[in-house]
**Student:** 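Right, I'll just put the structure down here and ask away after.
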Amino acid sequence: MKTKLTLLGGLSIEEFLRDYWQKQPLLIRQAVPGFKGLLDPQQLIELSCLEDAQARLVKQTRGKWQLAHGPFDADEMAKLRGKWTVLVQGVNHVLPEAAELLKRFSFIPHARLDDLMVSYAPQGGGVGPHFDAYDVFLLQGLGHRRWQISTQEDRSLIPDAPLRILQRFDVGQEWVLEAGDMLYLPPQCGHNGIAEDDCMTYSIGFRTPAYQELAEQFLVYLQDRIRVEGMYADPDLKIQKHPSEIGAEMLQQVAQAIRKIQWDDEDIANFLGSYLSEPKPHIFFDAPTKPVSAERFAQALQTRGIALDLKTQMLCHDSTVFINGDAHRVGKGSYRALRELADTRTLKAGSKLTGETVALLYELYRDGYLEASGGDA
Ligand code: SIN
Ligand code: CO
């Protein structure tokens, strides 16, 4: 029998994936029993004021929507009145408890994970009716949020609004969520969340990249890797009536050369691993200022184990591990241990590791990609 999960309202992962994932919304009362939230409104506002915060502030004044991007000023935030909401992305990159919360959702591949966004709104606040290009689990923390969803086909947005808000919103179903309740929404499902009181919502988002974006980025990836031999030659050049015209011979010759550009599934896998593990542009890593020696690091690895830095993104495919956008091809034995690290974000003390793995981990440690506790002096 498949394990039924409280997180999924008593469904097994298989049942959830079969019947709901990417198909229809699911409301789960008490998905995380006892969940009270991971931080209070003031702590979230403080995060939104940090220099590298990826934060947004949405205000509604007399029916008009306003959007501002962080980092914000703490004094200005304290003066806010009326209907507003602050949303902070990437809370899992700064809060270990948030990274732990995400681990509950490991039944979805890491390659699909975006991040944990946390919002706070006083009564009446929200970001308006909209739809996202994401699968999202909306977990309620502090207070209550009224969630309305719609099955409408009409996706027209309010013109010239600073954020994407549906012009028309036909409420299909609605529920009030309290701490520990969770709503799963597939991409493109219209939704509107209104704070009933002081309200904090935890959004666990899974990206669904558009093929256009992937194709453009694949071409960027390819441009550094292609090799096309030879150069243009026209020893049999004929006089052209119109020298400004691109001749048929030239066209054919270049078309033939361009057609030689080839790629295979391995190129696609390498591109996906590098692209999807690439940190967002505002993310920086703190390399240790006084790194310990390789020997000392190897000892600490054996006695204490290691964990990925909260900001590190790691994916794997067929003897290659991808860490924060870089690909490392490794031997079989190393791959097994590194995949364990990518799956669980930790390697236990006493793990059997190859010399190659220890050397790579030391390199990652020096780049600031591992938690400092795993070997810092
Ligand atoms: C919110 O937390 O206020 C908004 C989440 C969403 O609608 O995606
Ligand atoms: Co949304």
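Below, each value reflects all heavy atoms present in this structure, side chains not excepted, and no hydrogens, waters or symmetry copies. Indexing begins at 1, ligand by ligand and atom by atom, following the structure's order.
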**Student:** Does Val127 sit in a hydrophobic cluster with other residues, and if so which ones, taking ILVMFWY side chains as linked at heavy-atom separations under 4.5 Å, directly or through other members?
**Tutor:**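 The other cluster members (ILVMFWY side chains, heavy atoms under 4.5 Å, direct or chained) are Val58, Trp65, Leu67, Leu87, Met117, Ile158, Leu163, Ile165.
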**Student:** List every atom of ligand 1 that sits less than 4.0 Å from any heavy atom of Ser119, numbering the atoms from 1 in the order shown and giving each element.
**Tutor:** 1 (C), 2 (O), 3 (O)
**Student:** Would one find an N or O of His191, backbone or side chain, under 3.5 Å from an N or O of ligand 1?
**Tutor:**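 Yes, there is a polar N/O contact under 3.5 Å.
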**Student:** State which residue, out of Val88, Thr85, Asp198, Thr201, fulfils the side chain to side chain contact (heavy atoms under 4.5 Å, CB included) condition with Tyr120.
**Tutor:** Asp198
**Student:** Shared ILVMFWY cluster between Val94 and Phe284, side chains joined below 4.5 angstrom?
**Tutor:** no
**Student:** If you measure every N/O of Ser203 against every N/O of ligand 1, is any gap under 3.5 Å?
**Tutor:**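 It does not: no N or O of Ser203 is found under 3.5 Å from an N or O of ligand 1.
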**Student:** Checking ring-ring contact (aromatic ring centres under 6.0 Å, His included) between Tyr184 and each of Phe206, Trp21, Tyr134, which is the one that passes?
**Tutor:** Trp21
**Student:** Determine the sole option in Arg146, Gln123, Arg145 for which the side chain to side chain donor-acceptor pair (under 3.5 Å) test with Glu196 is passed.
**Tutor:** Arg146
**Student:** From Phe105 CZ over to Leu139 CG, what is the distance, rounded to the nearest 0.5 angstrom?
**Tutor:**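 It comes to 6.0 Å.
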**Student:** Measuring from non-hydrogen atoms of Phe131 to any atom of ligand 1, is the shortest distance under 4.0 Å?
**Tutor:** no
**Student:** Would you check if the distance from the ring center of Trp263 to the ring center of Phe271 is below 6.0 Å?
**Tutor:**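 No, the ring centres sit 6.0 Å or more apart.
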**Student:** Can you hop from Ile28 to Leu102 via hydrophobic side chains spaced under 4.5 Å?
**Tutor:**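 As far as the 4.5 Å side-chain criterion goes, Leu102 and Ile28 are connected within one cluster.
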**Student:** Using heavy atoms and a 4.0 Å limit, tell me yes or no: is Asp132 in contact with ligand 1?
**Tutor:** yes
**Student:** Shortest non-hydrogen contact from Lys290 to Tyr365?
**Tutor:**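 In this case the closest contact between Lys290 and Tyr365 is O-OH, 4.4 Å.
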**Student:** Relative to the heavy atoms of Arg145, which atoms of ligand 1 are at a distance of less than 4.0 Å?
**Tutor:**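 This gives 3 (O) as the contact atoms.
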**Student:** Can you confirm, on distance only, whether ligand 1 has an N/O atom lying under 3.5 Å from any N/O atom belonging to His130?
**Tutor:**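 Between His130 and ligand 1, an N or O pair is found under 3.5 Å apart.
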**Student:** With a cut-off of 2.8 Å, which protein N/O/S atoms are close to the Co ion (ligand 2), if we only count those under it?
**Tutor:**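 Those protein N, O or S atoms (cut-off: under 2.8 Å from the Co ion (ligand 2)) are His130 NE2, Asp132 OD2, His191 NE2.
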**Student:** Is a side-chain N or O of Gln24 found less than 3.5 angstrom from the main chain of Asp19, in a donor-acceptor match?
**Tutor:**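 Flag set: sc Gln24 to bb Asp19 pair under 3.5 Å.
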**Student:** For ligand 1, does Tyr202 get within less than 4.0 Å through its side chain, its backbone, both, or neither, judged by non-hydrogen atoms?
**Tutor:** neither
